[in-house]
Amino acid sequence: MPHYFGIIFALVSLVTWGFGDFFIQKTVRAVGSWKALFFICAAGMVGIFPFIKNDLSLLNAGDFWLLGLAGVTMLFAAVFDFEALRRGKIAVVEPILGLELPIVVILGITLGGDFLTNLQILLIVLVFIGIMLAVLQSRPEKNYRRKILEKGIILAGIGAVIMALTNFLVGVSSQGVSPLMTIWFAHSFLAVVSGAVLLSKGELRRLWTDIKNYPVPIIGQTFFDNFAWISFAFATTFVPISIATTISESYIALAVLLGLLVNKEKIKFHQIVGIFFAIAGIITLSYFS
């Protein structure tokens, strides 16, 4: 039965991350990445605190180091991911963020002793082929100055690498400490850092105005992203981190679909083929993992 709980939590994170990234893109384009990050993490810090306040005194030095490392990696991953979503098309950026899946698998092999079948290796190759097709904006021209990479691709790639490490550390922390403590600690750290950045820019006083001007995307991203992280953290306590990651990673399909249908984003044919390969490979890899 616990195994099924893990699958359910992973599926919940799949749906909520898909909607979360959709609203995050709208928020970062409206108010900026640091404000979007602050809204999410400040809400998580306040909302989760009542559930973990009695456990704070039980943390030891090793717990603080692990939670702190998870928080730092989550900060860098969020900065790169948010900027990628702000600059690029969600239908192209999301498959690149999906690069975190094979990286988590590699972490599982090197650190967790996981074993990959030939089919899983083939599917990972398919994902990489899809990613390469998705990032190309047009065919290479003789003019070397012509930009062939979609906006946000490099940021998304860096973010995917860091996010893979973040997922791994969140899973380890959730298993070793607790899911709610892990997310609360990380989001509290991010709230303090992003709040300090906004304070230095003199933008904290505009937060309430931003909420009044853009209530739907801000509330949407705040609710869905917090719910997604909590669900993922709980999933890793019932099933292996690699399984929780591969199932939840299918949120890419939902986010891309929202980007195409709601945002009316236009992409070229070869990019559509690449996105299809990437999504199909990730979903199938999730199934066979």
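A pairwise comparison of heavy atoms in A235 and G6 identifies CB-O, 3.5 Å as the closest pair. In terms of heavy-atom proximity, A43 sits nearest to T222 at CB-CG2, 3.3 Å. A pairwise comparison of heavy atoms in T236 and A244 identifies CG2-CB, 3.9 Å as the closest pair. Residues K35 and V31 come closest through the heavy atom pair CD-O, 3.4 Å.
V15 places none of its side-chain heavy atoms less than 4.5 Å from the side chain of L11. Side-chain atoms of I24 and I40, non-hydrogen and from C-beta on, do get closer than 4.5 Å to each other. L37 has its side chain out of reach of S33: every pair of non-hydrogen atoms, C-beta onward, lies at least 4.5 Å apart. A 4.5 Å side-chain heavy-atom check between I219 and F39 finds every atom pair outside the cut-off. Side-chain contact between K26 and V216 is absent, with no heavy atoms from C-beta onward closer than 4.5 Å. Contact annotation: the side chain of I48 approaches that of I230 to within less than 4.5 Å [non-hydrogen atoms, C-beta and beyond]. Counting only heavy atoms from C-beta outward, the side chains of V172 and I241 approach each other to under 4.5 Å.
One finds the CD1 atom of I218 at 12.0 Å from the CZ atom of F23 (value rounded to the nearest 0.5 Å). Atom CZ in F234 sits 9.5 Å away from atom OG1 in T182 (nearest 0.5 Å). In this structure, W229 CH2 and T16 OG1 are separated by 11.0 Å, a value rounded to the nearest 0.5 Å. The CZ atom of F168 sits 10.0 Å away from atom OG of S173, with the distance rounded to the nearest 0.5 Å. Between D21 atom CG and F224 atom CZ the span is 12.0 Å, to the nearest 0.5 Å.
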Distance-only criterion, 3.5 Å: show the donor-acceptor pairs between side-chain atoms of residues 57-80 and protein atoms not counting sequence neighbours.
unit_1: N60; atom_1: OD1; unit_2: G62; atom_2: N; d: 3.0
unit_1: N60; atom_1: OD1; unit_2: D63; atom_2: N; d: 2.8
unit_1: D63; atom_1: OD2; unit_2: N60; atom_2: N; d: 3.2
unit_1: T73; atom_1: OG1; unit_2: L69; atom_2: O; d: 3.2
unit_1: T73; atom_1: OG1; unit_2: A70; atom_2: O; d: 2.9
unit_1: T73; atom_1: OG1; unit_2: T166; atom_2: OG1; d: 3.3

For a quick test of your reading: what N or O donor-acceptor pairs under 3.5 Å do the side chains of residues 185-204 make, sequence neighbours left out?
unit_1: H187; atom_1: ND1; unit_2: N226; atom_2: OD1; d: 3.0
unit_1: S188; atom_1: OG; unit_2: W184; atom_2: O; d: 2.7
unit_1: S188; atom_1: OG; unit_2: W184; atom_2: NE1; d: 3.4
unit_1: S194; atom_1: OG; unit_2: L190; atom_2: O; d: 2.7
unit_1: S194; atom_1: OG; unit_2: A191; atom_2: O; d: 3.3
unit_1: S200; atom_1: OG; unit_2: V197; atom_2: O; d: 2.6

side-chain contact (heavy atoms from CB on, under 4.5 Å) assessment of F49 paired with L56: CA-CA 10 Å; F49 180 73; L56 285 172; 3.9 Å; yes

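Judged by distance alone, with hydrogens and angles left aside, the side-chain atoms of Q221 form no donor-acceptor pair with the main-chain N or O of T27 at under 3.5 Å.
Taking the six-membered ring where the residue is Trp, W17 and F232 present tilted rings, their angle falling between 30° and 60°.
Within the 6.0 Å centre-distance limit, the rings of F227 and F223 are counted as a close aromatic pair.
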